[in-house]
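Being a predicted model, the structure only gives us computed values, none of them experimental. Letters A, B, ... mirror the listed sequences (proteins, then strands); counts begin at 1.
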Amino acid sequence: MGDLFVLVISCIFINNILLAQFLGNCPFLGTSKKMETAIGMAMAVIFVLVMAGAITWVVNEYMLKPLDVVYLQTVSFILVIAALVQFVEMFLKKSIPALYAGLGIFLPLITTNCAVMGVCLINIKEEYSFIEALVTSFSYAAGFGLALVLFAGVRERILLARVPKPLQDTSIGLITAGIIALTFMSFKGMV
Amino acid sequence: MISALLLMLGIGAVCGIVLSLASKIFYVYEDPRIAQVENCLAGANCGGCGYAGCSAAAAAIVSGKEPASLCIVSGKDGVESIAKVMGVEVGNAEAPLSYNMCEGGFRAADKYHYMGVSSCKAMAVVFGGKRVCGVGCIGLGDCVKACQFGAVSIGPKGHPVVDEEKCVGCGACQKACPKNIIEVKTLSERIMKFNQKYDPLAPCAQTCPAEINIPRYINQLREGKYKEAVQTIRLRNPLPLACGRVCPHPCETECRRGVEDEPVSINQLKRFVADYEMNSGSRIPIKCAPDTGKKIAVVGGGPSGLSCAFFLRRIGHQVDIFEAMPKLGGMLRYGIPEYRLPKKVLDWEIQGILDLGIKSFCHVKFGVDFGLGSLMAAGYNAVFLGVGAWEDFSLGIEGENLDGCFTGINFLQRISGGEKIKLGRTAAVVGGGNTAVDCARTLLRLGLDKVYMVYRRTRKEMPANEVEIVASEHEGIEFVFLAAPTRVVGDDKNKVTHLEYLKMQLGEPDKSGRRRPEPIEGSETLLAVDMVISAIGQSPDASFKNQDPQHRMKELELTKWNTIDNNPATHQASIPYIFTAGDAATGPSLVVEAIGGGRRAARSIDLFLKGEAVEPVKDSLQKKRIHESIFTKVDGIKKTARAKQPELHVNERLDSFIEVDLVLPEADAHKEAERCLNCCRICYNPDIVFPMAKKAG
Amino acid sequence: MNNNKLIVSHAPFWHDGDSLFTLNLNLMIAALPAVIFGLVQFGMPALGVLALSLSSAMVWEYVITLLSGKKASIHDLDSAVIGLFLGMMLPATAPWWLVITGTFLAVVIGKIIFGGIGANPFNPTLIGMAILALSWTTLLDFDAAYVNYDFDFTALVPLAAVKAKGALAVSDLFPLNDLMMGKQVGAIGTTFGLGLVIGGIYLILRGFVRWEIPVSFIIGIVFTALCFNLANPDKYAGPMIHLFSGYTLFGAFFLAPENSSSPVNRIPMLIFGFCAGLIILLMRNIGVYEDGTVLGILLLNLVNPLIDTIRPKALGKGVNHA
Amino acid sequence: MIKRSFFALTRPRLGYDMPEPDPKEPKAIPVPSNLILLLHDPLDDARETFIKKGDKVEKGGKLHLYKDSKEYTISPVAGTIKIIDTYSDDFGNTSTYLVINTDQGLTAGTDDVQYELKDTIASADEYLRTLPGAPPLKTLADPDIKIDTIVITCADPDLLSTTHQYMALKFMDGIKEGIGVLKRITNVRKFCITVPENLNIKDEIDLAQVFRTSMIYPANLPQMILKDHLNMVLPAGKTPEDMGICFMSAEAVVSLARAYKTKAACHEKVLTIIGKQGTPYRVTAVIGTPLRRIFNAFSIHVNDHDRLVIGGPMKGFSTYTVHHPVQPDTDTVIVQDRDNIPELSDNPCVNCGKCVRICPAHIPVNILVRYLEAGLYQDAADRYDLLSCIECGLCAYVCTARIPIYQYIRLGKHELLKLNADA
Amino acid sequence: MAQSLAKEFTKGLWAEIPPFRLVLGLCPTLAVTKSVENGIGMGIATTFVLVFSNLLISLLRNIIPSKVRIACYIVIVATFVTIVELLMQAYTYELFLKLGIFIPLIVVNCIVLGRAEAFANKNGPLPSVADGLGIGMGFTLSLAALGAVRELLGNGTLTIWGGTPIFEMAEGFLPFRFMLEAPGAFIGLGLMLCLMNLIGKK
Amino acid sequence: MREMINMVVVLTVLTALSGGLLATVKAKTEVQIENQVLKFQKAPAIKGIFPETTNDPLAERFMIDNEGVPLQVFPGKLSDGSKAVAFETKGTGFGGAVGLMVGINVDTDTIVEVRVTTHSETPGIGSRAKDDPSFASQFSGKGLDTNFSMKADGGAVDAMSGATVTSKAVSVAANQAKEIYQKLKPEIVKQMN
């Protein structure tokens, strides 16, 4: 239990997927201009990552490993994730439109979000158990969400400031992200 | 190897089956355009646009929240194909561009020192802004701040300058400007823009019936940009060559320079640039909007018809012109003599209009050769009636039908048509309008010994253009004022010998302030002439109404002057799909009125075809003036003489129909353009420094 | 006719006389006791560092505004304050290029690129400091910096000593009195605890700094330190060492209340200060950092927009119109 | 100008001014040769005006710009209309001004035109709208607005001004009489009077409920009176009239009472003039008197870069011409010397939060002003309580960055109104 | 033909150079640019995938049904990514170790899919290859540039290939370590983007 | 329906082809990859631990099972005749796992030498663990009864200044190696023979 807690803290803060591992930057910059979008995206990432983490772990453990075709990881994972996301999107759109409006519209963004794929690969690489894989997936996603929401808060203010023209938008967004990464170094060594 | 193959086969099959089943089971309807637009997008789902994935972005584009250029990955082709998907509405595919009305020149003085929020909007609500000039640019640059693309900057003269390369037509600058100085419009919208009372307009531009932006083209001329000047004129007037010759230029009467000095010779400048184009040997290309697939029939190829057809064509409609006479041009061709507007010039100009892709059918008379029914059957969506006013008023006196009596327009038309008419030696032309003068001067050129002009009132009241009157005086026409014809006297062969008229005197001024002529009893006088031409006015020939078998035609209402009854603001007639302008609608009037009317009718037709309410232009400035633009004095003007119209020597011109008025030499044109005060391009201090202090103190 | 052009502006027509200039001037005045003490303690090199950092910060701002064609803004003294504070946080032995790089990072990366004064979401001084500390750790190691100095007190950095050896081992080395009176090794302007407190109280009384932030910050430090200390007095030092050493007091009065990166509502201000104190102590006691003030405040700067949404309901908001 | 105190731990307190306990008679300004009257109808070139240049007007004559227009003004003198022209008023309003050349010798005495003043609110609205103090008769007469409470303010709404307090001190009988008139002509039954707590009014007021208001700004703003004394919170974006409450100044009540007593309107407005040195003068002037006349009477010289403020220092507006006329609601006129005008700046907000903490309406001004600067008015209203603002101006008064916050707020509301009108 | 091919190629080098003009592919840009060498390696790997997937997709563009096209593209891209991964493991093992997880993540690099969808989907094989090559080269160049800045400042060296620096800072240079850290990557890229914006202004 | 079948077929064929292609490439590169792994990761460390051996530890490597996880062991015959083994363990540092190759003298049960194999630590600070001989040399010759924890945690290892976490990772790895060795020693000895 204690180990899991350490894992959670480390995944959320110390090895934050965005700020320390550089994964998932495109949607990070894209969806952080507004707080509502950021929250929706954060939720969607958590949702998808947990599912993807589970399903890729299963694929790896019960299909790739027994057949000794681990080198097919990339192809099979991405295909499974893409299909899963698309399926969930269609499902939500039809069955739970309310949820779709809040969260589902972010799903297509996630297919090609390297955070999802990256976390799945990390899970395999670190040889986590199924439970650990689920927990890390969730924590990484939560870390992503946390960074996204905090970033959106700062960015909403920056959008209103008189940022010099060439720096506007993505450029200042990246620099802010850099400073956020800097502040996240606070947690270094805490676990 | 085999296991890998099988595994992937399995995964692929499962994914494929699940997805295809899901797409059937969980099918939800959405706007098919969303899928189409999404196909045009990059599909990378990168989120770079700020939307959650390409389908969200597509939905935003379809709902109109975002421009077609939203996606940062798909290139120009993508944008174009999206625009195509979205371009179901007319004009959407046309690129809108920003354009500022108030430009260049010096700034108006401030009425106070402003301290506060540095934004035009904020300043505009404080006493209308600190500038003394109330209509122009404030200059704090809200538009510059609003532009996301760096396309707007404050130019060296303190006004916004738009870089057309960078402008994407988003409209942010327009929203930011509190004074409507800067607008984002497509070419169509710009062509169909009518003066409104909050536009910064110089008095000349307010006066021009065609609403030409006069100061702009004068400035372009001054800068040597003749082509641009012609384009500026063509935005409002398709016939600069003709207008440059025959327009009575009401604009010049309002010219602000005229308050202290002689007005600028605006019309000659127009003619200069128009002639420049004609003589340059190549036509300036005229841009048209993409085709809309709508078809309009223009009946009558005179100035109003040509104008209406020209503008309809430029905004993308298909136009056919039907003309009763053998050639297009209407009154310009048949009513205005060769020495004022050479046919060669007119042909060149009309050809330019037809080159836009307008078909013309001549020698077909409305109501005789074709009618409303046949037009409708041919699939025209609307009809423009610009049949002009070709029916001369009769004098209503005895002897009017004698041999040697003619009516004005009929006479001019026959001469223009090349008909040989049996002429006399002396002639009396009855009337004081331009037609009368034209008849008189034509007669002189036809070799008559003596031409009299008989007019009921005095020279002061003559409606003909002053220059024309002066020219005819020079050419030796004798004026008989205060004379009311009472009888044409003929000999036994029914040939005209004399015109009898009654002398008149001016009575007490009436309500309108004019002194009405009153006949002097018993003052009958005989004038020995062998030709009498009556040119006392015309009305439209409305015979088509009864000749047309289409029963709907009965619904077309006429006024008591036989003009087609219409809404003067929208030019829509009593049958909704019929529009009319020009002399047919107003009775005999100026060419430039007809041109302006044609454009207004084109706007209404466009609205009608789009299914929108045909409503007048909001806050229109037609024939009104912006209160504060009218000055009673203009300080600091150094008087300089107005450029003189070069003209043919009298001796030369009497023997021929060679054009009398000549074009200004380039140097003179520039000199004349320099005389322009740049009203509304510069902010002026009117004589009122600030209203409250005027006389109260 | 009257040709007088009056000034037209919008209400109100009075002003309480505050300006950015007076605000920043007062910040600098409040820092004076600590600065003077530092100069006396560390001598000419300290003067050099402070002078260079103050001037270079202003020069950077001037150069950048010049290059970008904006109106010069150094007269509001904001960059001077950033420069002074940065200088105060450096050791007296800092090389010239370190100072200049630091002010560049602080003024340009920390402030100007975000849109200048008031727009910076993070404390510019701290951004400069954090980047310097990350890049040139050894140069900012105060133990190493003052080898050539001869002090009449323990020449060990208190927090580093605590971290390395445990609280018990160093408990006698740092009497509270010495710490308060500046008898400790540290940055130029942050060792004189009493001076910083005097400056801080001056700022609070004159209304240039909201009292909520420093007070809750100190409470956060003291409370957390006390908890740790009670749990394991051998390993974790007591609140007073934490309070009077390192950048703690300087952070409390001068860094944390920096206007644009801290909350303005009362409850958020209290949360902000307390959490900053808490996180700093966590970093000191269980993280890898000896001090942590710099990153701790930056972390709270990041959270600031979020917590500042806790605010009283506006008048008439949500009232049903009867 | 009031500067902050040296120690500023607590927020600044701006106190209202008090009239001297036993005020002198105000100085009367003679009727000038030219009067300027404002009509709230904009001049439209397309329409024919009802009054024309050169028309003769009688004293007490009612002037309409157009035949059917509802707006009118009453000429306080007999004379000739010399000018009719457009006047761009403050905050986007366009009105029309008339210059009336006074006929000499006809300035004193009663009106030439006598109206049939009936005991109905409609009748009062028809003739008495331009009484000194600008009684809100239009609101009261409007059948669509249901007013059940009238609050009479003997406290001046802005700093420095003592006009209403003076009226209350001197003419308490008039106020009582006015309440009687109002009770007679309207259906309103509830009357309240706000009296500054330090104002020495000895009379018992039994006709109305008396509120003693604080002497600290902005206690006398309508929203604050509602909140503090009527226990009523105005919903954001609503006016007191929407809640059935009508505010009326002491002077308006007094002049209403006089008008009913004499059956003729009075045209003399009481004003507080604050000179460049801060010296207050109390004057009476005929409505329409250009301010320059008053300044001449006190030898106040208005130069370039000075500021002329109509109304108080917190909520008034500055005009650009010394010919600005005395209006029915002009209580105070301040002349500020160029050396006493605080500079504004175009600095962005530095987030010091002073505005947030001083705001009586608890608006997050620091964020609001950013949204307003960026022109995001709708967001500002939806998320940052733009419409809750009670427009006291304190935020701009304390702003360290010297941002014209109040102007931004006014502009934001103005633009928002326009946006909503378009939509 | 040759001219238009050249145009497709060169646009990737400047007009549409990722990640500066098209703000895509940020993750590898940030992560692997600790040195020029890594940047170039990553760039070449991406280029390889881009060229071949573009080629294959443009060949198959008429066969693939539009509803499953994204899935098909992903499979194609992923296949090439795996090939690159295997090849790198076999022949440039050290580089493979440094790039680590980012090699398989090329599959989710928006640039690759973006080009497939935006270009190869609509154009013939030759232009698609040119486009892929151009964009890939542009990407490589950007990574190398950012890598150069970060390595030079953060480590005082420049290493193009093979581990030996071709340039080293003078003896007394104390490296600006910040540039090698995560925050330095973000800020470095942000500032380069700003620079590109400045240069891009006509 | 046809459309659906078409979709499924195309996708299936494509994935199958992909699988086949990859399998081929994998088969072609497999040997080379294994060589590379040995050459770049293990060889330098082994070389460092066993500078002189009479056998080829790389060639003689064998796998043993550590609670289900295969462990690669490199046996070395040292020049003094004693037998030693080397294997790799991992500890967690700043930037992920730190791999540590630990050489143990089977005869004396002492550590021969340790070497860091893989790391992604901050260059210059954490990476000193690999480059700085003084740190690694702390372990040399220590008996397996030593606690390799950091001194602050009551162990025997001095931290590298400024790189506490990396040092910790190494010490964790070392402790882990100790445990594994103690547990699997009989197996290892058996295999070696």
Side-chain angles (χ1 to χ4, degrees), chain A residues 16-30 71-83 85-86 108-122 124-125 163-185, chain E residues 19-20 23-33 67-68 70-86 89 100-114 178 181-201:
Chain A
N16 186 288
I17 185 121
L18 260 173
L19 302 171
Q21 319 246 27
F22 303 106
L23 294 175
N25 276 299
C26 298
F28 178 58
L29 289 167
Y71 57 89
L72 289 180
Q73 252 178 16
T74 317
V75 187
S76 52
F77 281 14
I78 189 73
L79 190 58
V80 168
I81 295 173
V85 171
Q86 213 172 341
L109 262 189
I110 294 171
T111 323
T112 52
N113 183 346
C114 37
V116 176
M117 181 75 180
V119 169
C120 296
L121 291 175
I122 289 173
I124 305 302
K125 195 178 147 214
V163 178
K165 209 131 215 179
L167 279 155
Q168 271 168 14
D169 221 15
T170 317
S171 181
I172 195 74
L174 279 167
I175 293 171
T176 317
I179 295 174
I180 297 177
L182 187 68
T183 62
F184 264 63
M185 294 179 102
Chain E
F20 296 123
V23 191
L24 292 177
L26 293 179
C27 308
T29 312
L30 291 166
V32 304
T33 49
K67 277 201 175 150
V68 287
I70 300 278
C72 291
Y73 297 166
I74 285 178
V75 171
I76 292 171
V77 173
T79 309
F80 285 110
V81 169
T82 314
I83 292 175
V84 167
E85 195 182 355
L86 291 171
Q89 260 187 61
I101 196 173
F102 287 93
I103 294 291
L105 286 181
I106 294 176
V107 74
V108 281
N109 189 330
C110 313
I111 294 176
V112 181
L113 264 184
F178 172 75
E181 301 277 347
F186 281 105
I187 292 181
L189 183 61
L191 289 179
M192 279 187 81
L193 208 62
C194 160
L195 202 68
M196 290 293 284
N197 287 345
L198 273 178
I199 297 170
K201 253 194 210 163

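- For the ring pair (Phe, Tyr, Trp, His ring centres under 6.0 Å) test, no residue two or more places apart in sequence or in another chain qualifies with E:Tyr73.
- The choice from E:Gly190, E:Ala185, E:Gly188 that makes the most heavy-atom pairs within less than 4.5 Å of chain A is E:Gly190.
- Residues meeting the ring pair (Phe, Tyr, Trp, His ring centres under 6.0 Å) test with A:Phe77, sequence neighbours left out: none.
- Residue A:Leu72 does not touch chain E at all, counting heavy-atom pairs closer than 4.5 Å.
- For E:Leu195, no part lies near chain A; criterion is any non-hydrogen pair under 4.5 Å.
- Contact annotation for A:Ala82: only side-chain heavy atoms (C-beta onward) come within less than 4.5 Å of a heavy atom of chain E.
- From E:Ile187, atom CD1 reaches atom SG of E:Cys194 across 13.0 Å, with rounding to the nearest 0.5 Å.
- A:Ile179 CD1 to A:Leu19 CG: the interatomic distance, rounded to the nearest 0.5 Å, is 12.0 Å.
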